[in-house]
Amino acid sequence: MAPKYKAPRGTQDVLPEVSWRWQRVEAAFRDICRRYGYREIRTPILEDTELFVRGVGDGTELVSKQMYTFPDRSGRSLTLRAEGTAPVVRSVLEHNLAAQGQLQKLYYIAPIFRYERPQAGRYRQHTQLGVEAIGAPGPDIDAEIIALFQDFLDAIGLEGAVAHLSSIGCPECRPTFQQALRKFFEPVIAEMCDFCQARYETNPLRILDCKAPRDVELREGAPSALDHLCDDCRQHFDGVKAALDALSVAYEVDPTIVRGLDYYTRTAFEVVHPSLGAKDVIMGGGRYDGLAEMLGGPPTTGIGFGSGLERLLLVLEQAGGTGSQPVRKPLDVYVAAASLEARQPAFLLAGELRRTSVSAEVDYTKRSLKAQMKEAARLGARLVALLGEDELKAEAVTVRDMESGEQLSIPRTEAVQYLAARSAANAEVQE
RNA sequence: GUGAGCGUAGCUCAGCGGUAGAGCUCCGGACUGUGGCUCCGGUGGUCGCGGGUUCAAAUCCCGUCGCUCACCCCA
């Protein structure tokens with residue numbers, strides 16, 4: 001065995017056995033987006049490498065070691081979509097969609113590529129369901145997209161998710177917070193883990209995020225980002241909370257959440273689910289008011305989120321959301337051939353049925369009649385149209401109701417009409 | 001990038017130094033043209049790949065690729 005080729009590490013094939021789950025979640029997401037007035041945008045899988053370096057920040061983990069970057073044949077550097085927001089903002093700027101203060105409400109379902117070590121809920125290619133609202137300063141729009149996501153979770157029957165909300169301030173107030181953090185940790189930093197010692201210099205916010213038990217103790221009483229917001233950020237944050245309360249969206253204020261990408265400002269949030277293990281973040285997002293300018297555009301506010309479809313599916317499987325049963329529409333008619341001579345007429349009958357919108361299947365592997373009946377049952381066929389020596393002679397087809405086992409003979413000339421009528425009746429019964 | 005566990009039929013797994021097995025699936029038969037139950041039979045594996053130790057390796061050792069989980073990071 002040992003096939004020569006396998007799907008690349010960290011990627012997966014979505015086989016027919018499970019693809020219906022994907023479709024169902026995607027359909028729910030599209031429907032919720034439609035309700036909220038978000039329209040789909042599709043951007044290329046490839047972007048100029050610079051887009052991510054500029055937008056996401058060259059000091060970030062994502063840019064420094066996780067991007068799939070390569071030169072194309074002309075030598076320019078391209079990168080597989082490493083995250084969802086920068087390409088959308090690029091597109092909005094490129095086509096001037098946010099000109100004259102037009103609010104753009106956009107959504108996407110798109111593959112994301114990151115070179116990481118695969119793990120439960122972490123892949124090198126994953127799919128993000130994302131939403132971006134570009135051109136509204138908030139805070140109502142901030143609350144709106146969190147509400148949108150909650151509605152989406154309700155729609156797919158996922159319970160137990162918790163939304164965490166914070167504000168990471170703006171370029172005005174963040175430096176003072178970092179100073180406060182450094183001052184607080186200065187006396188104890190030597191006792192903390194190696195990672196935190198490094199973070200102390202590069203990004204002290206991350207110390208708040210560390211899970212090392214000793215560090216968790218040491219950061220007891222550390223300053224909170226929320227205590228260092230400037231007046232504008234404070235007001236914005238209060239506005240988001242008020243809007244969420246008004247919409248009855250549950251959330252927890254959690255000042256420890258941190259964003260890994262440089263473009264985030266103010267509102268930051270993530271939704272976690274306890275059934276997931278180490279990778280428990282189902283959705284993450286926030287405001288990125290400085291991004292458009294970083295990409296060379298006019299000052300344009302924005303906020304959005306990304307949600308990992310693969311993780312959602314993992315949670316749905318474990319937490320048992322509704323949608324756990326496939327709604328595969330059963331096959332209307334299986335056309336069985338009892339003899340070699342009947343195979344061609346059976347093939348043609350199936351063709352005619354399909355053209356009258358009846359779903360029909362035939363055997364293509366010359367199996368025995370018995371095997372064909374088995375196959376019909378396996379496919380969930382409601383009716384079997386049987387063609388054999390006798391039927392060909394009598395110019396008729398035998399129709400078997402697979403549930404009751406009743407059979408009757410129908411003239412070949414009326415067969416298509418008859419089978420179509422029976423199938424339509426079945427369809428109604430099913431509703 | 002670091003660490004641990006694991007890679008045997010389509011699937012789930014047993015075998016752990018003597019030349020490969022079970023259950024399910026699939027195919028066929030009992031039922032000479034008819035499914036879902038039962039019984040009988042059959043197909044199917046270079047035991048991830050490469051190297052080493054040994055008279056002998058799926059079994060031991062090394063390497064490599066992959067999977068899983070955790071760290072890191074993130075969706």
Side-chain angles (χ1 to χ4, degrees), chain A residues 1-12 15 17 56 60-66 81-85 109-130 149 193-196 198-199 203 206 209-212 257-261 269-273 276-285 304-315 334 336-342 365-392 398-407:
Chain A
M1 275 297 352
K4 188 169 178 184
Y5 299 107
K6 297 177 184 171
R9 181 160 208 205
T11 67
Q12 57 183 325
L15 301 177
E17 286 282 287
V56 176
T60 61
E61 189 106 345
L62 174 56
V63 169
S64 64
K65 40 202 212 197
Q66 298 184 338
R81 176 168 38 227
E83 60 96 37
T85 302
I109 299 176
I112 304 282
F113 301 85
R114 291 179 195 167
Y115 190 86
E116 299 186 86
R117 190 97 174 246
Q119 191 184 323
R122 188 169 77 183
Y123 311 93
R124 290 186 173 179
Q125 176 181 343
H126 77 276
T127 311
Q128 274 189 27
L129 310 180
F149 189 73
C193 75
D194 295 347
F195 295 113
C196 284
R199 289 168 179 141
N203 187 355
R206 289 230 167 268
D209 212 24
C210 185
K211 285 147 198 130
I257 66 178
V258 184
R259 300 282 77 191
L261 312 183
F269 49 83
E270 52 193 39
V271 174
V272 302
H273 197 282
L276 218 41
K279 297 262 129 342
D280 63 351
V281 178
I282 263 178
M283 172 278 235
F305 70 70
S307 175
L309 178 49
E310 290 79 358
R311 283 190 193 170
L312 286 171
L313 291 166
L314 279 177
V315 179
Y334 188 93
S339 67
L340 268 183
E341 298 72 44
T365 57
K366 298 193 174 173
R367 282 189 286 191
S368 66
L369 209 221
K370 178 172 175 161
Q372 292 178 56
M373 293 302 291
K374 258 181 114 164
E375 178 70 358
R378 205 171 12 236
L379 294 173
R382 303 213 122 102
L383 301 171
V384 165
L386 180 61
L387 284 170
E389 229 177 307
D390 300 345
E391 286 80 0
L392 292 182
T398 297
V399 175
R400 178 181 179 88
D401 183 309
M402 289 297 273
E403 206 171 320
S404 66
E406 284 168 24
Q407 295 194 178

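Any value given below was found using the heavy atoms of this structure, including those in side chains, with hydrogens, waters and symmetry copies removed. Note that the structure is a prediction, hence the values are computed from the model and not measured. Labels below follow one simple rule: chain letters A, B, ... track the order of the sequence lines, proteins then strands, and each chain is numbered from 1.
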*asked:* Using a heavy-atom cut-off of 4.0 Å across all strands, would you classify A:Q407 as base, sugar-phosphate, or nothing?
replied: base
*asked:* Side chain of A:K6 only, heavy atoms from C-beta on: which candidate in B:G28, B:G1, B:G66 is closest?
replied: B:G66
*For B:U54, what is the paired nucleotide under Watson-Crick or G-U wobble rules, both distances under 3.5 Å?*
none
*Look at all strands and tell whether A:K65 reaches a base, only sugar-phosphate, or nothing, counting heavy atoms closer than 4.0 Å.*
nothing
_Nearest-nucleotide 5' precedence on RNA chain B, A:E270 against A:R9_ = A:R9
*So, is A:R122 close to the B:U68 phosphate, meaning a side-chain N or O under 4.0 Å from OP1 or OP2?*
no
_Side chains of A:R367 and A:K374 in contact at under 4.5 Å (non-hydrogen atoms)_ = no
*What's the closest nucleotide to the A:E61 side chain, out of B:U34, B:A75, B:C73?*
B:C73
*Atom CZ of A:R124 to atom P of B:G66: distance rounded to whole Å?*
7 Å
*Reckon A:A371 touches a base, only the sugar-phosphate, or nothing at all at heavy-atom distances under 4.0 Å?*
sugar-phosphate
*Would you check if the side chain of A:Q407 reaches a backbone N or O of A:T398 as a donor-acceptor pair within less than 3.5 Å?*
no
*C1'-based separation of B:G44 from B:U54 [nearest Å]*: 32 Å
*Send over the distance from A:F269 CZ to B:C74 P, rounded to a whole Å.*
16 Å
*asked:* Please classify the nucleic acid contact of A:A376 as base, sugar-phosphate, or nothing, using heavy-atom distances under 4.0 Å.
replied: nothing
*What does A:G121 touch in the nucleic acid at a heavy-atom separation under 4.0 angstrom: a base, only the sugar-phosphate, or nothing?*
base
*With rounding to whole Å, what would you report as the distance between B:U2 and B:U59 at their P atoms?*
26 Å
*Please evaluate the base of B:G35 for a donor-acceptor partner in the side chain of A:R400 within a cut-off of under 3.5 Å?*
yes
*Under 4.0 angstrom, heavy atoms only, what part of the nucleic acid is A:M402 near: base, sugar-phosphate, or nothing?*
base
*What is the distance, rounded to the nearest whole Å, between atom NZ of A:K370 and atom C1' of B:G29?*
7 Å
*For A:E83, which contact category applies under a 4.0 Å heavy-atom criterion: base, sugar-phosphate, or nothing?*
nothing
*Whole angstrom value for the distance that separates P of B:A75 from CG of A:L62*: 8 Å
*Which of these passes side chain to side chain donor-acceptor pair (under 3.5 Å) with A:Q66: A:E116, A:E61, A:R124?*
A:E116
*Expressed in whole Å, how much space separates the P atoms belonging to B:G36 and B:G45?*
27 Å
*Counting only Watson-Crick or G-U wobble pairs whose two distances fall under 3.5 Å, which nucleotide matches B:G3?*
B:C69
*Could you give the CD-to-P distance, from A:E17 to B:U12, as a whole number of Å?*
12 Å
_Rounded distance in Å between the P positions of B:U34 and B:U19_ = 44 Å
*Once you round it to whole Å, what is the distance between P of B:G33 and CD of A:E341?*
12 Å
*For A:M373 and B:C26, give me the distance from atom CE to atom C1', rounded to whole Å.*
19 Å
_Roughly how many Å apart are B:C24 and B:C65, using the C1' atom of each and rounding to a whole number?_
30 Å
*Residue pair A:R311 / A:M283, side-chain heavy-atom distance below 4.5 Å*: no
_Looking at the base of B:C27, is there any donor atom on it, or on the side chain of A:R367, that sits under 3.5 Å from an acceptor on the other one?_
no
*asked:* Heavy atoms from C-beta onward define the side chain here; which of B:U34, B:C73, B:G1 lies closest to that of A:R117?
replied: B:G1
_Sugar-phosphate, base or nothing in reach of A:I282, heavy atoms under 4.0 Å_ = sugar-phosphate
*For A:E391, answer base if it contacts any base atom (sugar-phosphate contacts may also be present), sugar-phosphate if it contacts only those atoms, and nothing otherwise; contact means non-hydrogen atoms under 4.0 Å.*
base
_Nearest-neighbour nucleotide for the A:Q119 side chain, B:C72, B:A75, B:G33 considered_ = B:C72
*Hey, does A:F305 reach any base, or is it just sugar-phosphate, or nothing, if we go heavy atoms under 4.0 Å?*
nothing
*Which is true for A:S368 with a 4.0 Å heavy-atom rule: it touches a base, it touches only sugar-phosphate, or it touches nothing?*
sugar-phosphate
*Send over the distance from A:E389 CD to B:G33 C1', rounded to a whole Å.*
9 Å
_Selected nucleotide, minimal atom distance to A:A120 side chain, candidates B:C74, B:G33, B:A70_ = B:A70
*Residue pair A:E391 / A:L386: nearest heavy atoms and the distance that separates them*: CG-O, 3.5 Å
*Indicate, with a heavy-atom threshold strictly under 4.0 Å, whether A:G84 touches base, sugar-phosphate, or nothing.*
nothing
